[in-house]
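Index from 1, following the sequence. Since the model is a prediction, treat every value here as computed from it, not as a measurement.
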Amino acid sequence: MNIQVSELALAKMKWLIWQEQSTAPLVFRVISLTSGCGAPTFALEMTEPTPAFHTKRIDGVLFAWLPQDAKWMDGLVIDLNRENGKFSIYHPHPSFMSSCPFE
């Protein structure tokens with residue numbers, strides 16, 4: 001699974017995990033959000049892992065997603081916007097959803 005995460009995004013994620021000071025392990029869950037019939041947009045949430053998640057560790061940060069979202073993870077790019085401090089999550093070559101009822 002090829003997920004690209006910038007060093008700046010990883011640094012902020014490590015800081016956010018450290019800020020939580022949780023005794024339970026935490027992961028950054030990637031959530032695909034569909035918009036119409038196009039490619040999904042994505043969100044991140046920091047949460048405790050569950051057995052249902054697929055995971056990948058990148059430079060000490062654990063990422064998780066549900067099995068049905070695996071098709072969107074390969075090639076995903078996560079960066080940090082230097083202007084507003086928010087994460088940028090996108091797929092440069094997404095596969096589009098099939099069976100669109102709007103076409």
Side-chain angles (χ1 to χ4, degrees):
M1 189 67 54
N2 179 24
I3 301 173
Q4 297 176 27
V5 187
S6 73
E7 289 183 24
L8 191 58
L10 284 168
K12 181 167 183 177
M13 290 173 178
K14 290 176 183 179
W15 179 78
L16 289 169
I17 290 172
W18 178 80
Q19 287 282 52
E20 286 295 315
Q21 298 180 355
S22 173
T23 56
L26 296 172
V27 300
F28 280 92
R29 178 180 170 203
V30 179
I31 303 167
S32 65
L33 308 167
T34 57
S35 55
C37 292
T41 56
F42 301 94
L44 283 176
E45 76 172 351
M46 192 168 44
T47 187
E48 293 180 10
T50 70
F53 290 159
H54 287 188
T55 60
K56 178 173 181 153
R57 186 172 301 278
I58 300 173
D59 194 24
V61 176
L62 193 59
F63 293 87
W65 58 90
L66 291 173
Q68 63 265 26
D69 294 331
K71 64 183 174 187
W72 305 108
M73 296 303 109
D74 195 31
L76 194 71
V77 177
I78 302 173
D79 199 358
L80 189 71
N81 183 319
R82 291 176 185 263
E83 292 179 18
N84 63 19
K86 295 183 180 182
F87 291 106
S88 165
I89 310 140
Y90 66 95
H91 198 296
H93 306 289
S95 57
F96 288 89
M97 300 173 78
S98 59
S99 305
C100 179
F102 302 116
E103 292 179 350

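Using a 4.5 Å heavy-atom cutoff, the side chains of L62 and F53 are not in contact. Residues D59 and V5 are not in side-chain contact: their nearest non-hydrogen atoms beyond the backbone lie 4.5 Å or more apart. No side-chain heavy atom of F63 sits less than 4.5 Å from a side-chain heavy atom of L76. Using a 4.5 Å cut-off on side-chain heavy atoms (C-beta onward), L26 and E48 make contact.
Of the inter-residue distances, the one linking L8 atom CG with R82 atom CZ reads 5.0 Å to the nearest 0.5 angstrom.
In terms of modelled atom types and a separation under 3.5 Å, the side chain of T41 and the main chain of L33 share a donor-acceptor contact. The backbone N or O of D74 lies less than 3.5 Å from a partner atom in the side chain of H91, making a donor-acceptor pair.
In the hydrophobic cluster analysis, where Ile, Leu, Val, Met, Phe, Trp and Tyr join through side-chain heavy atoms closer than 4.5 angstrom, M73 is grouped apart from L66. Cluster membership check: L80 shares its hydrophobic cluster with I58, using side-chain heavy-atom separations under 4.5 Å among Ile, Leu, Val, Met, Phe, Trp and Tyr. No path of Ile, Leu, Val, Met, Phe, Trp and Tyr side chains, each step under 4.5 Å between heavy atoms, connects L10 with Y90, placing them in separate hydrophobic clusters.
Scanning both residues, P49 and P25, for their nearest heavy atoms gives CD-O, 3.3 Å. Nearest approach of A52 to P67, heavy atoms of both residues: O-CD, 3.3 Å. Nearest approach of F87 to I78, heavy atoms of both residues: CD2-CG2, 4.4 Å. For the residue pair P92 and G75, the shortest heavy atom distance occurs at CD-O, 3.3 Å. The two residues I89 and F42 make their nearest non-hydrogen contact at CG2-CB, 3.3 Å.
Sparse packing is recorded around CD of E7, with 12 or fewer heavy atoms of other residues, nucleotides or ligands lying under 6.0 Å away.
With respect to L44, the side-chain contact (heavy atoms from CB on, under 4.5 Å) criterion is satisfied by exactly one of R29, K86, M13: M13.
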